[in-house]
**Q** 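Mind looking over this structure? Questions follow.
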Amino acid sequence: MKLILLGPPGAGKGTQASEIVKKYNVPHISTGDIFRKNIKEGTQLGLKAKEYMDKGLLVPDELVVEIVKDRLLEDDCKSGFLLDGFPRTVVQAQALDKVLTESNMNLDKVINIQVDKTVLVDRAVGRRICKKCGATFHIKYNPSNVDGKCDVCQENLYQRADDNEETVSKRIQVYLDQTEPLIGYYTKQGIISTIDGQQSIDKVFEDIALALGSEK
Ligand code: AP5
Ligand code: ZN
């Protein structure tokens, strides 16, 4: 299954991605995670990406496209993958189409998670992530069972540097200007399914599984 998860910041892409990759046994390719890993390791790519991410702006297309292209050509992506947070511009979507065509691959589905703007800020600002395993929680909507710690591995939780109200608002604006046009792009290709992201985490997953043609 070759999939894209589309949706604004805080829509629940990462949360759903962790369930989708388990059920469909495909690699999870999150460009945001790749950049954060590079920032942590202090690589050149990380240093460049950080300049943009801290401001809530998109990292330039040429940097992102190269990384995803290399990743998609690895063996484990041949039978399927889940792209989370890519593509984010029409230029990225066109570059992806080119890579897939050249490798004789087709996208099966674009899952578009829809959430109102007012809810998005609340979701991103309240998000907490495990330092060790990357599990995502929310202080109100999806709290950990262990206060301030991950209930899987007991590690401390942290807040992402770009999850403050000002940067989240900027990221939402950037989404509306540069990423939302992709809904039209994939509607034309006839492969998009829009899911109501304002239901419970389980119900959103159930709807995604239905859109992918199987029950949860
Ligand atoms: P990225 O890491 O991709 O972040 P994002 O798109 O802004 O999305 P988020 O990770 O904020 O949200 P999410 O939809 O995954 O929500 P989550 O599941 O965590 O990108 C970060 C930056 O990297 C960008 O700003 C850009 O600079 C750069 N970048 C990345 N890719 C790029 C690209 N292709 N091109 C250029 N630049 C790029 O959920 C959010 C919270 O809500 C959590 O706390 C969760 O527990 C809670 N929650 C989830 N679902 C529900 C629900 N149904 N009900 C209640 N709460 C819920
Ligand atoms: Zn953990």
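When a ligand or atom number is given, it counts from 1 through the structure's own listing order.
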**Q** Could you find the nearest protein heavy atom to atom 26 (C) of ligand 1 and give me its residue, atom name and distance?
**A** L57 O, 3.6 Å
**Q** For ligand 1, find out whether one of its N or O atoms is nearer than 3.5 Å to an N or O atom of D163.
**A** no
**Q** So which bit of K13 gets within less than 4.0 Å of ligand 1, heavy atoms only: side chain, backbone, both or neither?
**A** both
**Q** Looking only at protein heavy atoms, which one is nearest to atom 15 (O) of ligand 1, and what is the separation?
**A** G14 N, 2.8 Å
**Q** If you measure from each non-hydrogen atom of Q16 to ligand 1, which part falls under 4.0 Å: side chain, backbone, both or neither?
**A** neither
**Q** At a non-hydrogen distance cut-off of under 4.0 Å, which region of P87 contacts ligand 1 (side chain, backbone, both, or neither)?
**A** neither
**Q** Check each heavy atom of F137 against ligand 1 and say whether those closer than 4.0 Å belong to the side chain, the backbone, both or neither.
**A** backbone
**Q** Would you check the N or O atoms of G10, main chain and side chain alike, for any that come under 3.5 Å of an N or O of ligand 1?
**A** yes
**Q** Give the residue, atom name and distance (to 0.1 Å) of the protein heavy atom nearest atom 23 (O) of ligand 1.
**A** M53 CE, 3.4 Å
**Q** Using distance alone, determine whether T15 and ligand 1 share an N or O pair under 3.5 Å.
**A** yes
**Q** So, is G12 polar-close to ligand 1, with some N/O to N/O distance under 3.5 Å?
**A** yes
**Q** Counting heavy atoms only, which part of A17 comes closer than 4.0 Å to ligand 1: side chain, backbone, both or neither?
**A** neither
**Q** Which bit of L58 is near ligand 1, meaning a heavy atom under 4.0 Å away: side chain, backbone, both or neither?
**A** both
**Q** So for ligand 1, is Q92 a polar contact partner (N or O within less than 3.5 Å, distance only)?
**A** yes
**Q** At under 4.0 Å between heavy atoms, is it the side chain or the backbone of Q198 that contacts ligand 1, or both, or neither?
**A** neither
**Q** If we ignore angles and hydrogens, is there a donor and acceptor under 3.5 Å between the side chains of Y185 and D97?
**A** yes
**Q** Given that the side chain starts at C-beta and the backbone is N, CA, C, O, which of these parts of V64 lies under 4.0 Å from ligand 1, counting heavy atoms, or is it both or neither?
**A** side chain
**Q** Has ligand 1 got any nitrogen or oxygen that is less than 3.5 angstrom from a nitrogen or oxygen of Y141?
**A** no
**Q** On a heavy-atom basis, I'd like to know which of R88, Q159, H138 is closest to atom 20 (O) of ligand 1.
**A** R88
**Q** What protein N, O or S atoms come within a distance below 2.8 Å of the Zn ion (ligand 2), ordered by chain and number?
**A** C130 SG, C133 SG, C150 SG, C153 SG
**Q** Can you report which non-hydrogen protein atom sits closest to atom 4 (O) of ligand 1, along with the distance?
**A** R160 NH2, 3.2 Å
**Q** Indicate yes or no: does D76 engage R71 in a salt bridge with an N to O separation below 4.0 Å.
**A** yes
**Q** Who's the nearest protein heavy-atom neighbour of atom 41 (C) of ligand 1, and how far?
**A** R123 O, 3.4 Å
**Q** Would you call D163-R123 a salt bridge at under 4.0 Å N-O?
**A** no
**Q** Look at atom 51 (C) of ligand 1 and find which of D84, I201, V168 reaches it with the closest heavy atom.
**A** I201
